[in-house]
Amino acid sequence: MRAPDPPQVPGDTESLSLLRRRTYLLILPVTLLAVCMTWALSAGQANPTFNSVALPLLALGLLLLLLGLISGRVPLRWIERGFYAVVVTVFLAKYASAVIDLTVPPDTALVEVFIWTPFVYVLAFLIESPRNALTRSAGVYGLSSLIGAYGVWIGGMPVERLLEFHLAEGIILTLTSLLSTLKNQVLALKDQVGDLHRLAHLDPLTGISNRRQLELQLSHEVLRSQRYGTPWSVILFDLDDFKAVNDAYGHAVGDEVLRQTSAVMQREVRGTDLLGRWGGEEFLILAVQIDLPYALDLTERMRLALERHPMPGSGRITASFGVAAYRDQESAEELLARADAALYGAKAAGKNRVEGALVKVDTPLRHPALLNPFPVPAPDPHHGVALETSRWLSTFDLGPQDDVSRVHFSGTFAQLAAALHPSADEDALRLMADWYCVMFLHDDRCDASGVGKDPTRLRHLTGRLLTALRGHTPAPGDEPLAWAMADLSRRFREAGDDVWLGEVTHHVTAYFSSLAWEADNRARGVVPTLEEYVRMRPLTAGLAIDEAFLSLVDDLHLPDEIHAHPTVQALTVHANRAVCWSNDIISLEKELQGGDVHNLVLVLRQERGLGLQDALEAAAAMYHQELERLIDVEQHLPDLGSDINPLLARYVQLQQTRVGGILEWSWRSKRYQLIPSR
């Protein structure tokens, strides 16, 4: 979505020259080899004059041209003209031999010459301007006609054969000239169309997209999001105190500031984003495949890049930014109005800052401190896993569309996999990272589009994913997530077995059913009761799926009867609830933006009639209560025998890792951070 390429510059001419030189480095040795082979194979055959004289001279000429090209001391123009001269000489010599030496029948001799004719004339128009090519080709045609007339004069060639040959030769020359003229006219028309496109879609001062192009792309993104549920955001920014720059330094300096700003931002935006000048000193960026937390992070990097860029003649220039993520069924005008309001907020708050188009609460929320008695080591970046997962996503056209953002996105879930499965090898981490990417992409689709509010449509989509997970090949036109799920199903079977996959499929089915329960609540405007929410929340978090992966990824095989033990069941319940409540607290701000009530804080506010801050404190108290219960259960585990106790101890350790790891990952992850750090 970058702006169209500018007109050809000297660097483009150098690239074309390099391409032509490489072409001749291929053509010349191949032609030289063909001539040498023809010379060797024709020894002792008819037409000895041509074979014994012309072919050696031709080989010598080609060799000299090749040596000159390799040395780099001979201009390419001379090489091209030398090659053309060699080709014309061979053509005329071959023709003279055919019409004068009658040892070969006339028809056969002329056919051997005629196959060279198109190459001679086409080559002229490839290496010369149309006028020069026509002049040289006319000279070749005239010389060949004189040679033919000489052949008739000495009685060596029937005149009707030569007339046919030269008529066909003339037709080839005429057609080649016409095609060359037509080609030049098409290229000129293409240049004119390109100029008109640039005038219509590019800003003449900065060279980036203009308002017309931005409006067209805005409409396209709205339609695409409504159809596919893809997240995207707009970033509106305005240069701070730009009028003072014009007043103090003049409009020429002001214009240069606008050009420099465009250049800085063009370097910072991703390859799939569209940067344009919205008007005056105001710019707009369409950031595709990115929701609000990631868009805010990207914008903060752009703000810093502009602040640090030295502007010639005007000193430091800063900008204020407003960011808004698209909401389901929103128009482009409504989206831009929210971004503009955020930009106004950034100006009012002191300029040179980033503001998101957030739903405002009555009073700023104070996040309560969440204790973590199970700290996890600093995460390994796992760049190798992130790169492999990024490549895997790209095969299905999933995730962010540019390589850098996709690797960053994949790295987030590679770190989640490593946090939850610290003993897993790299292959297992890759499998988990791929799985988390698919699950979170589906979750993002539910949040960013109408799918999460339409239980019928959601069941249809999740049904297709379940079909793929069960091993059925998706239909050719099915969505990318279904194809990715089918690939995961194949890899699950290779790593585990059908029984294990059946268990996972059972848990995924329950997870998708819980998402449909949420969608049904949204469609009916229902806030679940606290009792119902406490029961359903571990299902909507997919925690039973994670539990099933312990045997495959961590090689922990706890017997079913131990899983069913009341103490172990209590341990799992308290760990699951601790995970859910900490996530609800951290993700509260993000869910407020989408108006989703499926959050412990909002359920508590509804059921107990609390203010938002008091509900947040009550949720934190419930989280700490689950921690206390979890620790108490851990301290009173039953003695299940020497064979089971080590397995149970490892299970407890993995539950602790899950509680602490998800809490740490949620704080670090950009998924839930709506206020950029400065």
Side-chain angles (χ1 to χ4, degrees), residues 291-294 365-376 379 412-413 415-421 432 435-437 439-444 446-448 452 507 510-511 514-515 517-518 521 528 530 532-547 549 572-605 612 615-630 654-675:
D291 58 7
L292 188 58
Y294 290 101
L365 293 176
R366 301 184 309 277
H367 273 283
L370 300 181
L371 300 179
N372 184 4
F374 315 117
V376 294
T412 298
F413 298 107
Q415 290 187 2
L416 177 60
L420 302 190
H421 305 280
M432 291 309 305
W435 171 256
Y436 288 140
C437 283
M439 288 295 96
F440 277 91
L441 283 170
H442 175 70
D443 185 63
D444 288 344
C446 292
D447 291 342
H507 293 311
Y511 165 65
S514 70
L515 296 185
W517 166 78
E518 286 187 332
N521 285 339
L530 179 60
E532 186 180 24
Y533 186 76
V534 169
R535 184 180 73 254
M536 294 296 295
R537 182 64 177 99
L539 289 173
T540 62
L543 297 180
I545 306 172
D546 283 338
E547 184 105 358
F549 277 110
T572 305
V573 167
H574 297 317
N576 285 345
R577 288 178 180 174
V579 167
C580 292
W581 304 159
S582 68
N583 181 262
D584 279 9
I585 292 168
I586 295 172
S587 64
L588 174 63
E589 286 185 336
K590 181 182 178 183
E591 286 167 356
L592 281 172
Q593 308 312 309
D596 191 7
V597 297
H598 292 89
N599 182 288
L600 177 65
V601 178
L602 302 177
V603 170
L604 287 169
R605 180 178 66 170
L612 194 57
L616 187 58
E617 298 291 345
M622 289 180 63
Y623 163 74
H624 290 118
Q625 185 180 58
E626 294 300 335
L627 283 183
E628 292 173 0
R629 291 172 177 172
L630 174 61
L654 286 171
Q655 292 290 358
Q656 293 176 345
T657 299
R658 187 153 61 102
V659 173
I662 290 181
L663 177 60
E664 294 294 332
W665 178 82
S666 298
W667 280 125
R668 288 192 305 267
S669 172
K670 297 298 182 183
R671 293 183 59 81
Y672 309 116
Q673 295 181 14
L674 299 182
I675 307 299

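Side chains included, hydrogens not; waters and symmetry mates left out as well; all remaining heavy atoms used.
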- Query: Relative to the ring of Trp517, is the ring of His598 parallel (under 30°), tilted (30 to 60°) or perpendicular (over 60°)?
  - Reply: perpendicular
- Residues two or more places apart in sequence or in another chain: which of them pass ring-ring contact (aromatic ring centres under 6.0 Å, His included) with His574? none
- Query: What distance do Met622 atom CE and Asp584 atom CG have between them, rounded to the nearest 0.5 Å?
  - Reply: 9.5 Å
- Item | Exercise: identify the closest heavy-atom pair between Leu371 and His624 | N-NE2, 3.1 Å
- Item | Residue pair Ala419 / Thr657: nearest heavy atoms and the distance that separates them | O-CG2, 3.0 Å
- Message: For the residue pair Tyr533 / Asn521, report whether a side-chain donor-acceptor contact shorter than 3.5 Å exists.
- Response: no
- Message: Could you check whether Arg537 and Asn576, counting side-chain N and O atoms only, form a donor-acceptor pair closer than 3.5 Å?
- Response: no
- Please assess Ser582 against Val659 for the test side-chain contact (heavy atoms from CB on, under 4.5 Å), listing each intermediate value before the final yes or no. CA-CA 9 Å; Ser582 68; Val659 173; over 6 Å; no
- With the side chain counted from C-beta on, respond yes when Leu627 and Phe374 share a heavy-atom pair under 4.5 Å apart, and no when they do not. yes
- Query: Can you find a side-chain donor-acceptor pair between Asn583 and Tyr623 that sits under 3.5 Å?
  - Reply: no
- Item | Minimum heavy-atom distance between Leu604 and Ala619, given as atom pair plus value | CD1-N, 3.6 Å
- Message: Measuring from atom CG of Asp596 to atom CG of Leu602, what distance do you get when rounded to the nearest 0.5 angstrom?
- Response: 8.0 Å
